[in-house]
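Structure record follows, encoded as structure tokens.
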Amino acid sequence: MNEWLLISGMALATFATRYPVLVWLSRTSLPPSVFRALKFVPASVLSAIIFPAVFLPGGELALRLNNAPLFAGLIAVFIAWRSRNLLLTILLGMAALWTWRAIFPL
Amino acid sequence: MNKPNSPTSPKHAERQTAFFAGARDTFPLIVGAIPFGIIFGAVAVSSGLSAGGAAAMSAVVFAGAAQFISLGLIAAGANLPIIVLTTLIVNLRHALYSATLAHHLKGLPQRWYLPLGFWLTDESFVVAARYFEHAPVGPAKRWYLLGSEIFMYANWQLMTWIGVRAGQTMPDLRNWGLDFALVVTFIGILVPEIKSRPTLAAVLVAGSTAMLANNLPNQSGLLLAAIVGIGTGVFLESRAAAASGILA
């Protein structure tokens with residue numbers, strides 16, 4: 001496969017999801033109902049990325065003690081909830097992942 | 001004495017303040033993107049992409065999740081149209097981001113939309129969406145978003161390069177679980193945003209749908225889950241508003 005053709009195609013595909021809507025909707029006004037819906041975009045998209053990553057790390061449901069992403073994820077949720085500090089959540093979340101993997105290896 | 005655009009004018013100071021505020025507020029997300037960028041570079045060279053190809057992809061595609069997924073597809077021997085289509089679907093969430101931000105970026109000079117659009121990522125969107133709610137009217141919004149985006153972009157290029165070099169010298173780097181940094185970053189963003197029952201419901205429904213739809217082709221489950229989550233949030237919010245009589 002031609003690597004450069006692939007990268008060009010991916011660049012165009014990505015740009016097409018970003019630029020046109022920005023230009024179009026900066027000229028048009030949307031009804032308020034659309035904004036009520038768009039308010040839920042971040043929470044919905046982030047959840048749709050997070051849940052499979054922690055519950056289905058290998059593509060299948062893994063409610064096991066040696067599923068480190070699940071337990072590190074739960075610890076990160078707790079830290080984020082109590083501290084509301086993003087940096088702390090990232091650092092302790094990664095520390096939790098490595099600690100959990102050391103205690104409960106695959 | 002002061003012309004509108006001279007470096008000492010109040011207008012210039014306002015733009016500069018907004019630009020650096022955007023960069024500063026993006027810093028915690030940069031910390032999360034650092035290991036993710038390194039692991040992308042490291043995995044890229046072991047998936048069959050050349051070092052130059054990995055750097056070029058980060059430079060012109062600039063979409064972490066899609067880049068990462070493309071590596072899996074390249075390693076699995078997927079063909080070019082499939083990889084491009086997957087990139088499009090995985091990145092469709094950016095259209096939702098653009099729609100959300102466009103409302104705040106009306107009437108800018110045309111030259112602004114190209115860089116602001118090209119550089120838009122999950123991270124800059126989240127930071128800007130929060131800022132835009134209370135931002136002053138005027139140029140602050142666009143400069144804030146630009147500061148966030150340029151900072152993200154520069155970091156991503158640097159980390160890709162470091163990852164490529166690290167991957168060449170430390171082949172086991174990909175087993176460190178560095179890609180999990182993206183997940184904890186998103187957890188750190190998401191949890192404090194859950195301030196209402198409709199939002200909590202959107203989170204649980206979108207997350208569950210994404211798990212059930214995990215086997216759909218081209219990661220299209222992500223988009224389906226987002227739409228179902230948004231629908232849940234809207235439905236519960238309008239019902240709550242109707243019950244309390246706020247909604248006319």
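Throughout, protein chains are lettered first and strands after them, A, B, ... in sequence-line order, and every chain is numbered starting at 1.
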Is the side chain of A/N67 donor-acceptor paired with the backbone N or O of A/A62 at a distance under 3.5 Å, no angle test? yes
Between the side chains of B/D122 and B/R93, is the shortest nitrogen-to-carboxylate-oxygen separation below 4.0 Å, so that they form an ion pair? yes
With distance as the sole test, does B/E123 use its side chain to make a donor-acceptor pair with the main-chain N or O of B/I30 at under 3.5 Å? no
Aromatic ring pairing B/H104/B/F132, orientation class (parallel under 30°, perpendicular over 60°, tilted between): tilted
Give the member of B/A65, B/G231, B/G177, B/G229 that has the highest number of heavy-atom pairs under 4.5 Å with chain A. B/G177
B/P35 versus chain A, the contacting section by heavy-atom distance below 4.5 Å: neither
Tell me, yes or no, whether the heavy-atom count around A/R84 atom CZ, taken from other residues, nucleotides or ligands under 6.0 Å, exceeds 12. yes
For A/L61, is it the side chain, the backbone, both or neither that has a heavy atom under 4.5 Å from a heavy atom of chain B? side chain
Given heavy-atom pairs under 4.5 angstrom as the criterion, report whether the side chain, backbone, both or neither of A/T28 touches chain B. backbone
Apply ring pair (Phe, Tyr, Trp, His ring centres under 6.0 Å) to the pair A/F104 and A/F71, showing each step before the final yes or no. CA-CA 11 Å; A/F104 303 101; A/F71 291 94; 7.4 Å; no
Pair count under 4.5 Å, heavy atoms only, with chain B: among A/I79, A/L22, A/V21, A/L25, highest is A/L22
Checking A/N85 side chain against A/L88 main chain: does a donor-acceptor pair fall under 3.5 Å? yes
Under a 4.5 Å cutoff for heavy-atom pairs, which residue among A/S26, A/P57, A/A96 has the most contacts with chain B? A/S26
Looking at B/I189, B/V60, B/L92, B/L190, which one has more heavy-atom pairs under 4.5 Å with chain A than the rest? B/L190
Heavy-atom contact with chain B under 4.5 Å, split by part of A/L6: both
Taking every non-hydrogen pair under 4.5 Å, which of B/V84, B/V126, B/N79 racks up the most with chain A? B/V84
Counting only non-hydrogen atoms closer than 4.5 Å, does A/W4 touch chain B with its backbone (N, CA, C, O), its side chain (CB onward), both, or neither? side chain
In terms of heavy-atom pairs under 4.5 Å with chain B, the winner among A/E3, A/K39, A/R27 is A/E3
Which bit of B/T209 comes within less than 4.5 Å of chain A, counting heavy atoms only: side chain, backbone, both or neither? neither
B/L116 portion near chain A, given a 4.5 angstrom heavy-atom threshold: both
Return the option, out of A/W81, A/F40, A/F15, with the maximum number of heavy-atom pairs under 4.5 Å with chain B. A/F40
Please report whether the ring centroid of B/F62 lies less than 6.0 Å from that of B/Y153. yes
Show the nearest heavy-atom pair for residues B/V164 and B/A51, with the distance to one decimal. CG1-CB, 3.6 Å
Look at the rings of B/F68 and B/F40 and say which category their plane angle falls in: under 30° parallel, 30 to 60° tilted, over 60° perpendicular. tilted
So, the side chain of B/E237 versus the backbone of B/G233: is there a donor-acceptor pair under 3.5 Å, distance only? no
A/N2 versus chain B, heavy atoms under 4.5 Å apart: side chain, backbone, both or neither? backbone
Where does B/L223 contact chain A at under 4.5 Å (heavy atoms): side chain, backbone, both or neither? neither
With no hydrogens and no angle check, do the side chains of B/S196 and B/T199 hold a donor and an acceptor under 3.5 Å apart? yes
One option among A/L92, A/L5, A/T89, A/L46 has the most heavy-atom pairs under 4.5 Å with chain B, and it is A/L46
Would you find a donor on one side and an acceptor on the other, under 3.5 Å apart, between the side chain of A/W100 and the backbone of A/L65? yes
At a 4.5 Å cut-off on heavy atoms, which part of B/L114 comes close to chain A: side chain, backbone, both, or neither? both
B/L108 versus chain A, heavy atoms under 4.5 Å apart: side chain, backbone, both or neither? neither
Count the heavy atoms belonging to other residues, nucleotides or ligands that lie under 6.0 Å from CD of B/Q110, then report whether that count exceeds 12. yes
If you tally heavy-atom pairs under 4.5 Å against chain A, which of B/P28, B/G117, B/G188, B/G207 wins? B/G207
For A/V54, is it the side chain, the backbone, both or neither that has a heavy atom under 4.5 Å from a heavy atom of chain B? side chain
Is there a donor-acceptor contact under 3.5 Å from the side chain of B/S124 to the main chain of B/L120? no
Of B/A225, B/A56, B/A95, B/G32, the largest count of non-hydrogen pairs under 4.5 angstrom with chain A goes to B/A95
Part of B/A99 lying under 4.5 Å from any heavy atom of chain A: both
Of the listed residues (B/L101, B/L49, B/V205, B/D179), which shares the most heavy-atom pairs with chain A below a 4.5 Å separation? B/L49
Which region of B/L29, side chain (C-beta onward) or backbone (N, CA, C, O), has a non-hydrogen atom less than 4.5 Å from a non-hydrogen atom of chain A, or is it both or neither? both
